[in-house]
Amino acid sequence: QVQLAESGGGSVQTGGSLRLSCAVSGSAYSSYSTMAWFRQAPGQEREGVAWFSRGGRQYYADSVSGRFTISQDNAKNTLYLQMNSLKSEDTGMYYCAASGSYGAGFEMRRYNVWGQGTQVTVSS
């Protein structure tokens with residue numbers, strides 16, 4: 001019943017910016033303890049990008065720290081990922097995920113709801 005829908009992906013050049021959105025439907029965004037963004041390039045393992053907990057904690061993968069910002073708008077049941085200074089290595093399918101567990105981090109097994117993904121392509 002609960003669904004996550006990512007949007008905002010696209011194709012940009014190196015140094016550009018994109019803002020990804022993850023809309024929650026079927027339940028209130030605030031019902032989840034942790035929400036996160038993951039990404040996966042073709043032929044590669046899915047990796048964590050950033051997570052945000054209801055307790056206000058947030059964490060970024062080293063590869064995106066300082067360039068990406070995760071945020072949420074509970075009133076709009078939406079999670080965001082602002083991506084600045086994009087690099088070619090940021091290319092991949094970006095997924096939004098929600099977990100009912102605190103401290104889920106980047107442990108994928110802890111996320112019970114996943115979106116379909118939105119493609120981000122960064123040209124060098």
Side-chain angles (χ1 to χ4, degrees):
Q1 188 70 28
V2 178
Q3 293 184 323
L4 305 180
E6 303 95 336
S7 62
S11 181
V12 299
Q13 293 187 333
T14 297
S17 298
L18 284 173
R19 185 196 188 200
L20 306 184
S21 297
C22 173
V24 179
S25 62
S27 68
Y29 170 84
S30 59
S31 66
Y32 292 98
S33 298
T34 308
M35 295 195 71
W37 288 95
F38 292 82
R39 68 185 181 188
Q40 184 173 21
Q44 299 183 21
E45 297 292 326
R46 189 169 300 183
E47 63 177 352
V49 177
W51 57 259
F52 195 110
S53 71
R54 291 190 63 194
R57 299 176 182 177
Q58 59 186 43
Y59 186 83
Y60 301 89
D62 290 342
S63 60
V64 307
S65 180
R67 299 186 297 117
F68 290 11
T69 302
I70 188 170
S71 62
Q72 62 181 358
D73 188 334
N74 288 335
K76 297 181 179 180
N77 291 334
T78 303
L79 180 75
Y80 300 99
L81 182 67
Q82 179 65 48
M83 306 186 295
N84 298 324
S85 301
L86 285 163
K87 305 175 181 180
S88 59
E89 50 263 46
D90 294 318
T91 293
M93 184 71 74
Y94 283 69
Y95 299 90
C96 175
S99 174
S101 301
Y102 288 101
F106 290 145
E107 297 182 45
M108 290 186 288
R109 66 179 179 83
R110 292 179 179 265
Y111 290 86
N112 54 307
V113 183
W114 291 79
Q116 291 294 106
T118 184
Q119 179 68 38
V120 171
T121 302
V122 185
S123 60
S124 60

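Bear in mind the structure is a predicted one, so any value in this text is a computation, not a measurement.
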>> A quick test of your reading: do over 12 heavy atoms of other residues, nucleotides or ligands sit less than 6.0 Å from CD of E89?
In response: yes
> Under a 4.5 Å side-chain heavy-atom rule over Ile, Leu, Val, Met, Phe, Trp and Tyr, are Y59 and F52 clustered together?
Replying inline: no
>> Working note: D90 + R67, criterion side-chain contact (heavy atoms from CB on, under 4.5 Å); need CA distance, chi angles, decisive distance, verdict.
In response: CA-CA 11 Å; D90 294 318; R67 299 186 297 117; 2.7 Å; yes
> Can you check side-chain contact (heavy atoms from CB on, under 4.5 Å) on V24 and M35, steps first, answer last?
Replying inline: CA-CA 11 Å; V24 179; M35 295 195 71; 3.9 Å; yes
> Where is the tightest heavy-atom contact between S21 and W37, given as atom of each residue plus distance?
Replying inline: O-CH2, 3.6 Å
>> Show, in sequence, the C-alpha distance, side-chain angles and deciding distance for E6 and Y95, and conclude whether the side-chain contact (heavy atoms from CB on, under 4.5 Å) test is met.
In response: CA-CA 7 Å; E6 303 95 336; Y95 299 90; 3.9 Å; yes
>> So, taking the atom named CD in Q119 and the one named CG in L20, what distance separates them when rounded to the nearest 0.5 Å?
In response: 10.5 Å
> Pick one: which of V122, L18, V12, V49 meets side-chain contact (heavy atoms from CB on, under 4.5 Å) with M83?
Replying inline: L18
>> Under the side-chain contact (heavy atoms from CB on, under 4.5 Å) test against R39, which residue among V64, V120, T91 passes?
In response: V64
> Could you state the interatomic distance from OG1 (T69) to CG (L81), rounded to the nearest 0.5 Å?
Replying inline: 8.0 Å
> Does CD belonging to Q116 count more than 12 external heavy atoms closer than 6.0 Å?
Replying inline: no
> Distance from L79 atom CG to S71 atom OG, nearest 0.5 Å?
Replying inline: 7.0 Å
> Nearest 0.5 Å, what's the CE-OG1 distance between M93 and T121?
Replying inline: 8.5 Å
> Is F38 linked to V2 within one hydrophobic cluster, defined over Ile, Leu, Val, Met, Phe, Trp and Tyr using a side-chain heavy-atom separation of less than 4.5 Å?
Replying inline: no
> What pairs with S17 under side chain to side chain contact (heavy atoms under 4.5 Å, CB included), at least two apart in sequence or on another chain?
Replying inline: Q82, N84
> Taking all non-hydrogen atoms of both residues, which atom of A61 and which atom of G48 are closest, and how far apart?
Replying inline: CB-O, 3.5 Å
> Same cluster or not: are W51 and L4 linked, directly or through other Ile, Leu, Val, Met, Phe, Trp or Tyr residues, by side-chain heavy atoms under 4.5 angstrom apart?
Replying inline: no
> Taking the inter-plane angle between the rings of F68 and Y94 on a 0 to 90° scale, is it parallel (under 30°), tilted (30 to 60°) or perpendicular (over 60°)?
Replying inline: tilted
> Can you check whether G15's main-chain N or O pairs, donor with acceptor, with S85's side chain at less than 3.5 Å?
Replying inline: no
>> If you compare all heavy atoms of S88 against all heavy atoms of S124, which two are closest, and at what distance to 0.1 Å?
In response: CB-CB, 4.3 Å
> Can you check whether W114 reaches C96 side chain to side chain, under 4.5 Å on heavy atoms?
Replying inline: no
> OG of S53 to CD of Q72: how many Å apart, nearest 0.5 Å?
Replying inline: 8.0 Å
> So, is the end of the R19 side chain (NZ or CZ) under 6.0 Å from the ring centre of Y80 and within 45° of the ring's axis?
Replying inline: yes
> Can you pull the salt bridge (Lys or Arg N to Asp or Glu O under 4.0 Å) pairs that have at least one residue in residues 91-107, sequence neighbours excluded?
Replying inline: E107-R109, E107-R110
> At their closest point, which heavy atom of Y32 faces which heavy atom of G100, and how far apart are they?
Replying inline: CD2-N, 4.3 Å
> Looking only at heavy atoms, what is the nearest atom pair of Q44 and Q40, with distance?
Replying inline: O-NE2, 2.9 Å
> Hey, what do you get for OH (Y60) to CD1 (I70), rounding to the nearest 0.5 Å?
Replying inline: 6.5 Å
> So do the side chains of S7 and T118 get within less than 4.5 Å of each other, counting heavy atoms only?
Replying inline: no
